[in-house]
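Heads up: the structure comes next, in structure tokens.
The sequence lines fix the lettering, A, B, ..., with proteins before strands; numbering per chain opens at 1.
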Amino acid sequence: MNNRDAAQVFYNIADLLEIKGEQIYKVLAYRRAAESILSLGRDLRGVWKEGGLETIPGVGKAIGAKIDELLRTGKLEFYEELKAEVPATLAEVLRVGDVGPKKAARFWKELGITTLDQLERAARDGRLRGLSGMGEKSEARILASIEALRRRQSGRIPIGTARPIAESLLQRLRQAPDVAKAEMAGSLRRWRETVGDLDLIVGATDPDAVMQAVRQFPEIARIKGQGETKFSAELVDGLRVQLWVHPPERFGTALQYATGSQAHNVRLRERALDLGLSLSEHGFKRSDGKEILCAEEAEVYQRLGLPWIPPELREDQGEVQAASAGRLPELVTLEALHGELHSHTDWSDGQNTIEEMARGARSAGLSYLVISDHSQSLGVVNGLTVERLRMQWEAIAEAQHRLGDSILLLRGAEVEIRADGELDYPDEILAALDVVTASVHTSLRQSRERVTARMLSAVRNPHVDVIGHPTGRMVGGRDPAELDLEAVLAAARESGVALEINAHPARLDLKDAHARRAVEMGCRLAINSDAHSPADLELRPYGVATARRGWVGAESVVNAWPRERLLAWLGQRG
DNA sequence: GCCGTTTTCGGCCCGACTGTTTTCAGTCG
């Protein structure tokens with residue numbers, strides 16, 4: 001029973017309660033608790049052992065007791081009884097667009113439908129239109145939604161895939177007639193690691209003209225809906241795009257609204273009510289009916305007596321309270337990164353020479369680059385033997401000579417933490433390296449105790465400076481390794497080693513919630529691209545965004561320090 | 001079911017879009 005399993009139980013409870021017709025606020029309470037468990041950043045079990053369940057936002061007595069039962073017994077009686085009452089498979093029916101709790105309940109009670117397959121068959125057979133309030137159109141929409149659901153398997157796509165597509169749409173939108181502004185919104189703008197659809201927002205005086213222009217975009221496969229301010233369509237690859245068009249003088253409230261998250265918006269709107277204002281995407285409304293418009297998003301926050309809150313923080317995880325108390329963190333930025341600590345060359349599995357990588361880093365504005373190819377035991381990626389590593393040092397020196405002092409090259413390695421817990425190079429070699437990054441690539445399926453022990457021995461090794469992609473997780477794929485992250489973070493704080501936030505959009509490891517926990521614990525971090533080509537250096541914004549989502553300030557990030565400070569830090573380490 | 005520098009009980013955001021029910025319910029974000 002890990003955090004994800006526990007969260008899933010509460011999401012399911014929420015779905016089933018909703019179908020059952022339970023009070024919506026009770027349903028939302030379960031969802032909120034599930035959300036909090038997912039963004040906890042540490043093992044739920046640890047919080048439980050400390051007796052701190054009710055410190056989790058959205059967890060009170062009732063849900064706290066349920067978590068306790070779940071962790072103690074691995075089961076939850078309340079959930080079991082609920083499943084006996086409402087078929088659990090109805091949750092998959094809820095995933096279908098245009099099907100919410102009310103319709104799901106009617107399909108089940110009036111037609112005996114409990115699974116997606118049954119719903120599809122009923123729609124094809126024309127049995128849905130027999131229900132009151134449902135006609136042929138509804139039936140067709142549901143069929144289309146089922147198809148769409150089946151096409152996009154997981155439902156969410158990685159941010160690294162989504163953003164370039166959105167950028168390309170935005171570029172053309174900005175050239176459309178009458179468009180004053182066009183921006184990303186939704187989870188795209190909040191830089192969540194995956195997004196469900198592309199939310200875009202446009203400031204323009206003539207919505208029709210904008211929507212007409214979008215209809216002509218070649219990647220639009222079909223229009224799903226269009227109103228006065230809202231347009232939604234499906235792209236050829238099944239991805240959904242949602243576009244809002246609002247007048248430029250209302251762009252601020254509109255952008256704020258469309259960026260979300262929904263929970264963050266609710267928090268702001270409650271705050272507005274406290275101030276005697278009603279907030280919507282169109283603007284503020286005073287009790288006398290007068291409107292207050294915001295062209296800029298910052299004005300929305302200002303009106304609420306808050307500093308502007310960066311989109312990466314808008315998850316209702318304490319950011320509104322922090323903003324209100326003047327305690328928002330000064331988040332790290334891309335510009336703050338002076339160098340790259342993790343890069344590969346054609347000496348191992350990179351695509352380019354040392355010099356090409358160096359020139360790439362230089363044009364990215366970096367003042368130093370650590371060459372950190374794989375170590376010997378990783379044969380599949382042509383890991384360097386000690387002998388080849390020494391040869392590489394000469395090559396680095398030669399490249400440095402040719403480059404002059406335009407960029408500083410440092411000798412590094414991504415050293416494998418082997419299955420037996422030993423590092424992949426002898427101590428005298430590690431000592432001769434400027435930067436040692438220790439990573440695990442293999443045997444992640446060992447027992448929790450063994451993986452933790454391997455990590456701890458690497459963290460405590462005086463030669464190690466950075467732990468690379470510490471949990472081994474893959475976005476939308478592999479879960480974080482079973483390890484005692486709390487223990488690793490505590491040891492990292494002790495030894496002063498930095499934990500990597502790997503910027504590759506497939507990794508983003510540490511993830512946002514873990515980064516936040518690391519900072520809470522007082523750990524140092526490093527934001528690295530793990531570049532295998534100069535182009536990969538362009539992926540650093542994903543790492544920066546992940547750090548920002550984890551409330552990480554520049555002070556915690558070693559490669560955001562001035563170069564001299566970084567070099568001094570490295571010098572005093574083993 | 002949670003939560004409180006206006007509350008330990010009574011609140012808990014606000015609007016767009018769609019289909020079909022001629023006045024609104026359901027869904028979504």
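Set against B:dT27, B:dG1, B:dC12, the side chain of A:Ile63 has B:dG1 as its closest nucleotide. In the set B:dC13, B:dT27, B:dG1, the nucleotide with an atom closest to the side chain of A:Gln262 is B:dC13. Checking B:dT27, B:dG1, B:dC17 against every side-chain atom of A:Lys102, the shortest atom distance belongs to B:dT27. If you check B:dG29, B:dT20, B:dC13 against the side chain of A:Lys137, the one that comes closest is B:dT20. Distance from the side chain of A:Val266 is smallest to B:dC13 among B:dG15, B:dT20, B:dC13.
Residue A:Thr229 has a polar side-chain atom (N or O) positioned under 4.0 Å from OP1 or OP2 of B:dC17. Residue A:Lys66 places at least one side-chain N or O closer than 4.0 Å to OP1 or OP2 of B:dG1. A sub-4.0 Å separation between OP1 or OP2 of B:dA16 and a side-chain N or O of A:His282 is present. Contact annotation: A:Ser278 reaches the phosphate of B:dC14 (side-chain N/O to OP1 or OP2, under 4.0 Å). OP1 and OP2 of B:dG29 both lie 4.0 Å or more from every side-chain N or O belonging to A:Ser261. OP1 and OP2 of B:dT27 both lie 4.0 Å or more from every side-chain N or O belonging to A:Arg95.
Whole-Å rounding puts the A:Leu268 CG to B:dC12 P distance at 17 Å.
For B:dT7, the base adopts the syn conformation, since its glycosidic angle falls within 90 degrees of zero.
Although no hydrogens or angles enter the test, the distance criterion places no donor-acceptor pair under 3.5 Å between the side chain of A:Gln262 and the main chain of A:Gly260.
Remark: ring of A:Tyr25 overlaps the six-membered base ring of B:dC12 in a stacked fashion, centroids less than 5.5 Å apart, planes less than 30° apart.
Judged as a ring-ring contact (aromatic ring centres under 6.0 Å, His included), the pairs with a partner in residues 231-251 of chain A (not counting sequence neighbours) are, in order, A:Trp244-A:Tyr257, A:His246-A:His282.
Cation-pi geometry between A:Lys26 and A:Tyr30 is not met: the NZ or CZ atom fails to fall both under 6.0 Å from the ring centre and inside 45° of the normal.
Using a 4.5 Å heavy-atom cutoff, the side chains of A:Glu219 and A:Ser168 are in contact.
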